[in-house]
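We use all heavy atoms of the structure for the numbers below, so side chains are in, but hydrogens, waters and symmetry mates are not. Since we're looking at a predicted model, the values are computed, not measured.
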Amino acid sequence: MRTVVTVAASPHSRSRAAELHRATAEVLRGAGLRVRRLPLELLPESALLAGRADAPALRWSRRLLDRADGIALITPTYEVSGSPLLRAWLDVMPPAGERPVQPVCLGSTQAQSGAADYAVRRLLTDHGALRVAPACFLFDKWLAGTGDGWDWDARAASRLTGALTGFAADLATVPAAA
């Protein structure tokens, strides 16, 4: 069974990005993949900012990546250069290399939609990713918070499922991780 690490680059555990992380894992499991979730907000900020790749939590995230066949990266795109949390994590992690990477981006404007694919792809390729899928961009207004969870717009669910189904098919074409 292929394994995907889902990486959420949001500093808040009850955010739209965290909900998107949950939904991404659910869709990937539905596609027959093993999913290991990596919420970056759980990693020690001091180790990330200091670039201490030897910190226990960062060694744990490296082991997850080493065993993964692919990576799904969930990130808000409110900052053109990418989430500071994501950039700090990428700086201390080994490159994805040939592992397929599926960016799933969240933003509020059409301009962010257009820039998401370019900016996130550039960030990932600059950090050694060789197989980056087109970014799946969702408008944050498509995920409305309710008292007991989230209400998803049909466009968001359709777009996410379509992108992740294509990603799962791409994973089937690459050699399995060790």
Point to revise | Phe137: partners by ring-ring contact (aromatic ring centres under 6.0 Å, His included), with sequence neighbours left out | key: Phe139
For [X], all residues meeting side-chain hydrogen bond (donor to acceptor under 3.5 Å, both in side chains), sequence neighbours excluded:
X: Arg36; answer: none
X: Thr109; answer: none
X: Asp148; answer: Thr146

If you look at every heavy atom in [X] and [Y], which pair is closest and at what distance?
X: His21; Y: Ala8; value: ND1-CB, 3.2 Å
X: Leu38; Y: Ser61; value: CD2-CB, 3.7 Å
X: Leu49; Y: Ala88; value: CD2-CB, 4.5 Å
X: Ala9; Y: Leu86; value: CB-CB, 3.6 Å
X: Leu85; Y: Glu41; value: CD2-N, 4.1 Å
X: Ala96; Y: Val101; value: CB-CG2, 3.9 Å

Point to revise | Connected via hydrophobic side-chain network under 4.5 Å: Leu73 and Leu130 | key: no
Check your understanding: In the single-linkage hydrophobic clustering (I, L, V, M, F, W, Y; side-chain heavy atoms under 4.5 Å), do Trp60 and Ile71 co-cluster?
Key -> yes
Kindly list each side-chain donor-acceptor pair under 3.5 angstrom involving residues 28-35, sequence neighbours excluded, with atom names and distances?
| residue | atom | partner | partner atom | Å |
| --- | --- | --- | --- | --- |
| Arg34 | NH1 | Thr3 | OG1 | 3.0 |

Supply the atom-to-atom distance [X] [atom1] to [Y] [atom2], rounded to the nearest 0.5 angstrom.
X: Arg62; Y: Trp89; atom1: CZ; atom2: CH2; answer: 10.0 Å
X: Leu42; Y: Arg37; atom1: CG; atom2: CZ; answer: 9.5 Å
X: Leu138; Y: Ser158; atom1: CG; atom2: OG; answer: 10.0 Å
X: Leu58; Y: Arg63; atom1: CG; atom2: CZ; answer: 11.0 Å
X: Thr24; Y: Glu19; atom1: OG1; atom2: CD; answer: 9.5 Å
X: Asp66; Y: Met93; atom1: CG; atom2: CE; answer: 9.0 Å

Heavy-atom side-chain contact between [X] and [Y] under 4.5 Å:
X: Gln112; Y: Leu106; answer: no
X: Arg121; Y: Pro103; answer: no
X: Leu20; Y: Leu160; answer: yes

Review point. What do the steps show when you test Leu40 against Leu43 for side chain to side chain contact (heavy atoms under 4.5 Å, CB included), and what is the final call?
Key: CA-CA 5 Å; Leu40 295 183; Leu43 299 179; 3.7 Å; yes
Check your understanding: Is the number of heavy atoms from other residues, nucleotides or ligands within 6.0 Å of CZ (Arg122) greater than 12?
Key -> no
Review point. Does any N or O in the side chain of Glu98 come within less than 3.5 Å of the main-chain N or O of Ala129, such that one atom is a donor and the other an acceptor?
Key: no
Check your understanding: Is the backbone of Asp69 close enough, under 3.5 Å, to the side chain of Arg2 for a donor and an acceptor to pair up by distance?
Key -> no
Check your understanding: Stepwise, does the side chain to side chain contact (heavy atoms under 4.5 Å, CB included) test hold for Leu124 with Leu90?
Key -> CA-CA 8 Å; Leu124 292 168; Leu90 286 171; 4.1 Å; yes
Check your understanding: Passes side chain to side chain contact (heavy atoms under 4.5 Å, CB included), Arg22 versus Trp150? Steps please.
Key -> CA-CA 11 Å; Arg22 183 206 60 75; Trp150 295 92; over 6 Å; no
Using distance only, find each side-chain donor-acceptor pair of residues 161-175 under 3.5 Å and give its atom names and separation, not counting sequence neighbours.
| residue | atom | partner | partner atom | Å |
| --- | --- | --- | --- | --- |
| Thr161 | OG1 | Ala157 | O | 2.9 |
| Thr165 | OG1 | Thr161 | O | 2.7 |
| Asp170 | OD1 | Arg131 | NH2 | 2.5 |
| Asp170 | OD1 | Thr173 | OG1 | 3.4 |
| Asp170 | OD2 | Arg131 | NH2 | 3.3 |
| Thr173 | OG1 | Asp170 | O | 2.6 |

